[in-house]
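Both backbone and side-chain heavy atoms feed into the values below; hydrogens, waters and symmetry mates do not. Because the structure is a prediction, the values reported are computed rather than measured. All residue numbers refer to positions in the sequence shown, counting from 1.
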Amino acid sequence: MSEKAGSQSGGSPEASGVTVSDIQELIRRKEEIEAQIKANYEVLESQKGIGMNEPLVDCEGYPRADVDLYQVRTARHNIVCLQNDHKAVMKQVEDALHQLHAHDKEKQARDLAEAHREALSRGQSHGLSPPQAFAKVNSVSPGSPASIAGLQVDDEILEFGSVNTQNFQSLQNISSVVQHSEGKPLNVTVMRRGEKHQLRLVPTRWAGKGLLGCSIIPLQR
């Protein structure tokens, strides 16, 4: 399990070697382990509600005859092993998120510098005013596609795919872009504490609701 997660690169040439697909695979593995842990606890529950620590001998020291000792011992062993696997997968998820964020920050810095140069060039040659934000990020769910992309609460959105200040009319514009871009990267430009950031957001089905895992509200103009 860990060797697969550690070596899988998703075909990406980037130095970090971690992709959104890698993280989603780890999350699927985590959910599988959780389901197996639950199933083994149900086995214990079916044996007169016996848990992880209750004695398997009676008051006279003889093996209990009212429960299936083999099933109980097997379920207890499975639970201990699965809990260790669960801890390992959660650590892998955490490490993968850190790696992905670190790589994205480097890429965002390069993209931002390039975009800044282009904006200055266009502004100087055409006298254009800087773009204005039309919406704001109100909440971001941990582990969601929005969180993985680097979106943060209070980010002001300047561009969301093909949506910008000039053509934005309602949140339906953003919803339409998201629905038509499932599994495809979207360029999102936000203003954060006075600095412009360019993010790469991939609308994807995940453990939570929707394809983004964030709440966006329009700004009053």
Can you name the nearest heavy-atom pair linking [X] to [Y], along with the distance?
X	Y	result
Q24	T204	NE2-CG2, 2.6 Å
G183	V202	C-CG1, 3.6 Å
A96	I23	CB-CG1, 3.8 Å
S139	V153	CA-CG2, 3.8 Å
S147	S141	CB-O, 3.4 Å
L151	V137	CD2-CG2, 4.0 Å

[X], [Y]: one ILVMFWY side-chain cluster at the under-4.5 Å cut-off?
X	Y	answer
M90	V20	no
V140	I217	no
L100	I27	yes

Q: Using atom types as modelled and distance alone, determine if a side-chain donor or acceptor of T74 lies under 3.5 Å from a backbone N or O of Y70.
A: yes
Q | Side-chain donor or acceptor of H77 paired with backbone N/O of R73 under 3.5 Å | A |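 No, H77 side chain to R73 backbone: no donor-acceptor pair under 3.5 Å.
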Q: Starting from the C-alpha separation in whole Å, work towards a yes-or-no answer on salt bridge (charged side-chain N to carboxylate O under 4.0 Å, His left out) for R29 and E25.
A: CA-CA 6 Å; R29 174 61 181 152; E25 177 61 30; over 6 Å; no
Between [X] and [Y], is any pair of side-chain heavy atoms under 4.5 Å apart?
X	Y	answer
I79	M52	yes
I148	L97	yes
K196	L158	yes
F134	L219	no
K87	Q92	no

Q.
Could you check whether E31 pairs with R28 (Lys NZ or Arg NE/NH1/NH2 to Asp/Glu carboxylate O, under 4.0 Å)?
A. no
First locate atom [atom1] of [X], then atom [atom2] of [Y], and finally report the distance between them rounded to the nearest 0.5 Å.
X	Y	atom1	atom2	result
E54	R76	CD	CZ	6.5 Å
Q99	D22	CD	CG	9.5 Å
H180	S175	NE2	OG	9.5 Å
L199	Q152	CG	CD	8.5 Å

Q: Given side-chain contact (heavy atoms from CB on, under 4.5 Å), test L186 with F160 step by step and report yes or no.
A: CA-CA 7 Å; L186 286 173; F160 193 101; 3.8 Å; yes
List the atom pairs, with distances to 0.1 Å, where a side-chain N or O of residues 205-215 and a protein N or O form a donor-acceptor pair under 3.5 Å, not counting sequence neighbours.
residue	atom	partner	partner atom	Å
R205	NE	E182	OE2	3.1
W206	NE1	K209	O	3.3
W206	NE1	G210	O	3.4

Q. Would M191 and Q132 satisfy side-chain contact (heavy atoms from CB on, under 4.5 Å), going step by step from the backbone distance to the final call?
A. CA-CA 9 Å; M191 186 67 71; Q132 298 297 312; over 6 Å; no
Q.
Going by salt bridge (charged side-chain N to carboxylate O under 4.0 Å, His left out), name the residues that satisfy it together with R200, two or more places apart in sequence or in a different chain.
A. none
Q: Evaluate side-chain contact (heavy atoms from CB on, under 4.5 Å) for V188 paired with V190, printing each intermediate quantity in order.
A: CA-CA 7 Å; V188 178; V190 301; 3.9 Å; yes
**Q.** E195/R192 under salt bridge (charged side-chain N to carboxylate O under 4.0 Å, His left out): CA gap, chis, key distance, verdict
**A.** CA-CA 5 Å; E195 294 184 359; R192 181 182 301 158; over 6 Å; no
Q: May I have the step-by-step check of side-chain contact (heavy atoms from CB on, under 4.5 Å) for I174 and I216, ending in yes or no?
A: CA-CA 9 Å; I174 293 178; I216 296 173; 4.1 Å; yes
Identify every side-chain donor-acceptor pair in residues 37-51 under 3.5 Å, counting partners at least two apart or on other chains, and give the distances.
residue	atom	partner	partner atom	Å
N40	OD1	N78	ND2	3.2
N40	ND2	Q36	O	2.8
S46	OG	V43	O	2.5
Q47	OE1	D68	N	2.7
Q47	NE2	Q71	OE1	3.0

Q | Passing candidate, side-chain contact (heavy atoms from CB on, under 4.5 Å) with Q169, options L171, N173, N167 | A |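 Of all the options given, the one that passes is N173.
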